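The structure appears below as structure tokens.
Every chain is numbered from 1, with letters handed out A, B, ... down the list of sequences. Note that the coordinates shown come from a computational prediction; the quantities given were computed from them, not determined experimentally.
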2 protein chains.
Amino acid sequence: MNNPGTVTGLTAVILAVTEETPRVLVVRRMSHDLATPAQLGSVDPDVDSPDTFPFGPFDPVRHRTLESGLRQWVEEQTGLDLRYVEQLYTFGNEFRDPRELHGGPRLVSVGYLALTRESPVAGTGDAEWRDWYSFLPWEDMREGSPKLIETVIRPALRTWIDQAADRATREQREERVSVCFGFDAAAPRDPVRTLERYELLYEADAVIETHRDRLAIQRARGVTPTEPDPRALESARLLGAPMALDNRRILATALGRIRGKLAYRPVVFDLLPTEFTLFQLQRVVEALAGKRLHKQNFRRMLMAGDLVEPTGRMDSSGRGRPAELYRFRRGVAQERAIVGVTLPSISAAE
Amino acid sequence: MNNPGTVTGLTAVILAVTEETPRVLVVRRMSHDLATPAQLGSVDPDVDSPDTFPFGPFDPVRHRTLESGLRQWVEEQTGLDLRYVEQLYTFGNEFRDPRELHGGPRLVSVGYLALTRESPVAGTGDAEWRDWYSFLPWEDMREGSPKLIETVIRPALRTWIDQAADRATREQREERVSVCFGFDAAAPRDPVRTLERYELLYEADAVIETHRDRLAIQRARGVTPTEPDPRALESARLLGAPMALDNRRILATALGRIRGKLAYRPVVFDLLPTEFTLFQLQRVVEALAGKRLHKQNFRRMLMAGDLVEPTGRMDSSGRGRPAELYRFRRGVAQERAIVGVTLPSISAAE
DNA sequence: TAAACTATACTCAAATTGAGCATAAAAGCG
DNA sequence: CGCTTTTATGCTCAATTTGAGTATAGTTTA
């Protein structure tokens with residue numbers, strides 16, 4: 001086999017929040033330069049043209065840095081005004097791009113997280129905003145623990161635990177499941193561990209990607225595909241909308257990162273308009289955290305951190321008593337910002 | 001100018017701790033594949049053959065993942081048994097590799113942090129362990145604030161603040177300096193913000209790399225080099241040993257990451273032998289954190305987190321009362337490990 | 001006018017954190 | 001041997017932070 005080398009590209013996870021709804025920008029077709037996703041041995045018809053994140057090759061002649069490269073083509077292609085931008089992770093696994101199975105190059109992709117205030121996407125019409133929890137439904141605990149955790153995830157993980165070859169493996173799996181999803185009352189669920197949860201589900205054959213990838217690899221290698229358990233497949237299809245390649249893994253990485261960042265950097269403000277009520281701010285934080293917060297404590301924390309200041313104006317558009325409008329204290333908190341917004345963990349009880 | 005494309009490589013920051021001394025593995029010459037660092041317009045003779053981190057190109061044919069690639073060549077070349085390995089950041093700035101100035105390709109390098117128990121480096125003889133604080137001396141607060149903070153850093157940053165063009169910039173710089181180094185009593189110094197500190201020093205022309213890079217770029221562009229202020233140069237030479245390329249920035253990234261990780265993952269144990277006294281453990285954490293810890297509180301935290309268990313054996317090699325030997329509770333804490341080792345911030349007073 | 005909803009001020013107990021005191025057990029040294 | 005030095009280990013205490021309420025006020029909507 002010849003050495004097809006590597007292709008280096010940039011993947012953008014662009015987040016916004018409208019009112020209560022968290023959104024991420026996805027494209028239906030892959031970008032021109034890497035068009036037509038190779039036929040994956042698709043397990044599920046839905047997977048045939050699944051969503052991807054905006055992707056562009058990195059051109060060192062045009063771009064001084066990876067970040068400026070990303071900013072430039074995202075702004076060119078979507079017209080969005082990216083605010084906070086942060087490098088996430090570089091993904092370089094074998095067969096990330098299924099074309100590698102047929103002799104294509106390794107696709108090394110530097111993932112970036114970008115925050116913006118939501119606005120209609122200009123430019124190429126194939127990009128659209130989607131609720132990010134439609135891809136990772138088990139991460140949204142705002143209305144309590146979603147039903148599919150008990151009905152789909154728990155049984156699937158139970159099966160996986162029971163399939164352990166020996167006692168030690170079995171106990172390790174039990175512990176891991178318990179920690180990731182907080183089933184054990186002793187270890188409350190940590191909102192930041194999104195990637196671990198996704199990877200656990202992937203390993204446990206609980207998401208559709210596991211089956212898809214296995215099948216694709218087996219086909220490319222000329223091995224007779226193993227017939228997946230129909231019950232496992234059906235269960236996997238219930239676990240959120242699929243995405244192409246490892247894009248759901250990337251989304252999980254992004255979500256974990258932004259949740260972690262929340263605690264020590266005032267990043268929320270890059271998702272909000274210049275002026276906002278404290279309750280709007282809280283709604284956005286809740287959308288990110290995937291859980292409800294205690295209102296009084298939330299504002300206490302904001303005040304203690306000197307993160308916001310009142311504008312004097314009021315917002316009467318809401319239903320109840322009008323709330324005062326605040327603005328982010330740029331400058332001071334910008335740098336200081338040892339304080340962010342702390343997220344409590346989610347107790348197993350709730 | 002033709003398009004020379006990119007080269008994708010892997011950079012390894014390998015850390016170990018011997019007794020009290022933190023160590024990082026550096027090589028004197030660059031690895032074969034990217035040998036002979038181009039002549040940087042070296043400001044300082046010492047910079048002519050500076051240390052670099054082990055670097056190797058990424059070969060997608062041999063390596064299924066970036067991490068396995070890194071593990072493989074590091075273990076081949078050094079014989080070290082890498083334990084914890086984590087991706088740090090991908091560096092792709094213009095002119096990272098000075099050969100780019102002369103038409104070379106962009107060097108995109110995926111940085112990895114690796115922990116190992118120190119052992120003599122086998123294999124190619126040009127690798128050696130160095131105290132990592134020799135490169136970032138302002139990060140070691142174990143014996144109180146190092147003198148060079150007051151004698152070198154503070155004056156240099158003062159000059160930078162005074163050079164601000166306008167009042168707003170000036171205040172921003174003041175705030176930033178104060179937050180990074182904790183000069184202001186209100187904002188204690190955060191051990192995790194190592195990268196911010198390095199970048200601040202770089203921007204403020206306080207480290208030698210700023211001068212080196214500026215000169216190199218000016219020469220390559222055929223611009224007459226600006227003569228650097230001799231006092232600034234002299235001061236910059238006092239700020240730790242230099243490294244090639246952006247390797248000190250990478251080290252700062254690594255140090256910040258491991259310090260942050262300490263708080264929520266039991267990574268220290270990958271630097272220790274199987275059995276250790278609590279005091280040895282504390283010494284290692286202190287080496288990482290760059291500050292001294294309260295002994296009693298430290299063990300209280302360990303016990304609360306169930307991270308270690310006594311072996312029953314005693315260590316009598318020390319001078320005082322023999323200490324009990326402990327081992328890391330693998331398995332349980334491995335996964336649970338919401339608890340790590342929390343680092344207090346460093347108050348300005350001390 | 002009541003019900004519903006939102007804003008905002010306070011309180012309180014539990015848990016966490018930073019710092020110290022006290023005592024125990026060894027080694028080294030006169 | 002007795003004294004100093006050094007390290008280990010158990011325990012207390014106050015300050016702060018955190019999670020969860022109670023109480024009351026100001027608006028809109030049925």
Please state how far atom [atom1] in [X] lies from atom [atom2] in [N], giving the value in whole angstrom units.
X	N	atom1	atom2	answer
Gln282(A)	dT8(C)	CD	P	12 Å
Phe298(B)	dA19(C)	CZ	P	16 Å
Met303(B)	dT17(C)	CE	C1'	18 Å
Asp315(A)	dA7(C)	CG	P	9 Å
Phe276(A)	dT6(C)	CZ	P	19 Å
Asn297(A)	dT11(C)	CG	C1'	12 Å

- Query: So does Asp81(B) pair up with Arg117(B), basic N to acidic O under 4.0 Å?
  - Reply: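 Not counted as a salt bridge, because no side-chain N and carboxylate O are separated by less than 4.0 Å.
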- Query: Does Phe298(B) reach the side chain of Leu281(B), with side-chain heavy atoms less than 4.5 Å apart?
  - Reply: yes
Distances for protein N or O near nucleotides 5-9 of chain D N or O, under 3.5 Å:
unit_1, atom_1, unit_2, atom_2, d
dT7(D), OP1, Arg319(B), NH2, 3.4
dA8(D), OP2, Lys295(B), NZ, 2.8
dA8(D), N3, Arg321(B), NH1, 3.3
dT9(D), OP1, Glu324(B), N, 3.4
dT9(D), OP2, Arg299(B), NH1, 3.4
dT9(D), OP2, Arg299(B), NH2, 2.8

- Item | Sequence-distant partners of Phe135(B), ring pair (Phe, Tyr, Trp, His ring centres under 6.0 Å), two or more places apart | none
- Determine the minimum heavy-atom distance between Pro146(B) and Trp138(B), stating which atoms define it. CG-CA, 4.2 Å
- Message: Can you say whether a donor on the side chain of Arg300(B) sits under 3.5 Å from an acceptor on the base of dG10(D), or the other way round?
- Response: no
- Message: Please tell me whether Glu86(A) and Tyr84(A) have a donor and an acceptor in their side chains that are separated by less than 3.5 angstrom.
- Response: yes
- Query: From dA20(D), dG20(C), dT12(D), pick the nucleotide closest to the side chain of His294(B)?
  - Reply: dG20(C)
- Task: Kindly indicate whether a cation-pi arrangement holds for Arg327(A) with Phe276(A), taking the cut-offs as under 6.0 Å to the six-membered ring centre and within 45° of the axis.
- Result: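 Because its charged atom misses either the 6.0 Å distance or the 45° angle limit, Arg327(A) does not stack over Phe276(A).
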